[in-house]
Amino acid sequence: MPSREDILAFVADNPGRAGKREIARHFGIIGGARIHLKKMLKDLADDGLIEKRNKRMIRPGDLPPVFVAHLAARDRDGELLGTPVDWDDEAGDPPKILVLTGKTKATQPGLGDRALIRLTEAETGPEADHVARVIRVLEKRQGAILGILRKRDGNRPPYLEPIDRKQRELDVDPAEMKEADDGDLVSVQVSRSGRYGHPRASIVERFGSMNSEKAVSEIALQSHGIPHVFPAAVEAQAEAAKPVEKLGKREDWRQVPLITIDPPDAKDHDDAVYAEPDEDPQNEGGHIVYVAIADVAHYVTPGSPMDREANLRGNSVYFPDRVIPMLPERISNQLCSLREKEDKPALAVRMIFDKTGRKTGHTFHRVLMRSAAKLSYLQAQKAIDGVTDEKTETILDGILKPLWAAYAVLQKGRDAREPLELDLPERKIKLKADGTVDHVYVPERLDAHKLIEEFMIQANVAAAQTLEQKKTPLLYRIHDASTPEKLESLKDFLSTLNMKLPSSGGLRPSAFNGILAKVKDSPQAHLVNEVVLRSQAQAEYAPQNIGHFGLNLRRYAHFTSPIRRYADLIVHRGLISALGLGNDGLPDGIESKLEAIGAEISGAERRAMLAERDTIDRLIALWMSDQIGATFQGRIAGVVKSGLFVRLEETGADGFVPASTIGLDYYRYDEGSHALIGDKSGETHQLGDQVEVRLVEAAPFAGALTFELLSHGRIAGKRIRKGAPKARRGPPKGKRNTSSSKNKGRRRTS
């Protein structure tokens, strides 16, 4: 047997490529000795010396072979240097990668771009830790700076107020205005810098007035580099597409009373459902569930302009005021959308469940269907609860009640599976007609939502199982278990509440659920949910299966939303190829490209999430900008060395309390307890604490709010008695201390 040091050396020399099989082959480990190897690898993982990622072993802080990098600098020879976009700060400073470009335009990024890269064996040089080659440029940045044009009185030149508050204000060349006016959102390029004063810039592009209803989401599109204008070739292909009017080789499911259940304002409907009791006497109490999904693969063929654009976008992006679709509107909202009473092509799955909720079989079908009804979640829920309308009254007994009966059976299976059950409601924004905020709310979680969610999960599992059985390449939706470092951090935190997490050996979601159940309805519930969330890994797409930890599933793929997710389109093509359902399945050679595609669309998903969060933060900051001096009740949603992130209870608005403004004491950051603790007083401000704050500054277009803390902390677990206002060091230190909580305490998607 090799020593621990030998295994660690091999893993270090083969980052992202050393699985248990490769290690055994390299050291000649066969037969029963593999059991000892498995134990050694487990011990190394428990000691935090290696991590398992996509069935491969890496050292903490090592890079996968393919990943997305931000090209942020050049070395002394002018070569590009990049850093990983998805990097865990707990692993230390991100490594620097020397990025080698290719000969084609698609492999020649510039400074500020994002690119998909692959690690190589070349020499690094003195300024880099690794070397990688460009697979594809994902986002082109021209060095432009986004901001609001402001005009001055007199002969003084106009200037740019940058959206990014880390940027300096820039004088704008009056000769390079591009017809922009005061208050317009523009991008500028620094053209020249004088010896004195601000650098001078010229306007590259004008996006319109900041008073327009789409201005805030426009900032997110530009600052995150999200493609939002379809090329002419893509629009032309979409317009040339024809509806499916003949049955052809499809099965006729138009008599199956499938219905769509979506939000009331949904414009695209990519899934429809139906259920009925199983009449097979061998499956007493069982149900048959039908899930039909829009047949996007019929219209978006591999290598076509629409396919290339969908791959680039990765997914649709949802803002409060608009949607940036992955596919043109003619495809997403018209030809593919499962509209009520219209014949539509679909890829469907028929699943059989026994009375315990266990799936006993399934089959896939390419069909022509006709939606019997379009309902909203609330409309369907009200009907089940006894309040029907003209539409739901006619389908209550024949369609809705059988759906809920099947859901009751599937719920038994879900309960037995015990997926991770976090309770962190998400805020939603209701806009007025002019695009400004009307109110912020947390939508009610209905059984109708849970029904559709569970039906979709089961359809996704069925897709993954079929493609595995047929040995067809696919992109799994994977979710890794927590790293040993994050688990140790969670254990340290739970110990401050006199709670324990079971040993990491065989740790399942049920262990976390047990902790969450203990604090349910207690003052610590929100706090513990937040910390458990932060201990979890992030879900992603990959061709290697490691299972989905959060859902507690051995295999899982995204199949149910091909209108808005490229991963689902790949799964549809895989099913078409595997089951002989047409000639528009997977293209040749796709298997070698799946790793890169998975990394690319995982990056696009994270980009969309950040853009959506930024937009919500900016809208709320704009809404609250006229409430300076008002006081609010909130909860500490994040703790860092520099201060406290506070989320307001009524609106969910996030803001920052600089540590320098908290009392007269010096506050130190205690990572284990997620708290700031006063050196002399011992006064503690901890994640999850309820607090009272005053709004002292709002920076709407940076999405930032600054608060002043009015309430006292705790000493030895007891809240300090309220009295006179808390003494402070002084007022907040100006705009540069303002921060937002964009990455604190957010829900990850499954």
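For reference, positions follow the sequence shown, starting with 1.
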Test of understanding: with ring pair (Phe, Tyr, Trp, His ring centres under 6.0 Å), list the residues that count as partners of Tyr441, not counting sequence neighbours.
His439
Cationic N near anionic O, under 4.0 Å, Arg635 to Glu530:
no
When rounded to the nearest 0.5 Å, the distance separating CD1 of Ile261 from CD1 of Ile452 is 4.0 Å
Between Asp665 and Ser681, do the side chains contain an N or O donor and an N or O acceptor separated by less than 3.5 Å?
yes
Is the Lys NZ or Arg CZ of Arg477 less than 6.0 Å from the centre of Tyr541's six-membered ring, within 45° of the axis?
yes
Do we see a donor-acceptor contact under 3.5 Å between the side chains of Glu649 and Gln690?
yes
Any luck finding a side-chain donor-acceptor pair between Asp492 and Ser489 under 3.5 Å?
no
Ion pair check, Glu426 and Arg445, cut-off under 4.0 Å:
no
Using only heavy-atom distances, determine whether the side chains of Asn460 and His558 contain a donor-acceptor pair under 3.5 Å.
no
Pair Arg668 + Asp679: basic N to acidic O under 4.0 Å:
yes
Distance-only side-chain donor-acceptor flag, Ser209 / Asp184, under 3.5 Å
no
Point-to-point distance, once rounded to the nearest 0.5 Å, from CZ of Phe512 to CG of Leu487
5.0 Å
Do Tyr377 and Gln381 have a side chain donor and acceptor closer than 3.5 Å?
no
Could you give the distance from CD (Glu708) to CD (Glu692), rounded to the nearest 0.5 Å?
10.5 Å
Determine whether a donor-acceptor pair (N or O, by modelled atom type, separation under 3.5 Å) exists between the side chain of Asn529 and the backbone of Asp423.
yes
Can you tell me if Glu650 has over 12 outside heavy atoms packed within less than 6.0 Å of its CD?
no
List for me each residue that meets ring pair (Phe, Tyr, Trp, His ring centres under 6.0 Å) alongside Tyr159, sequence neighbours excluded, and say none if there are none.
none
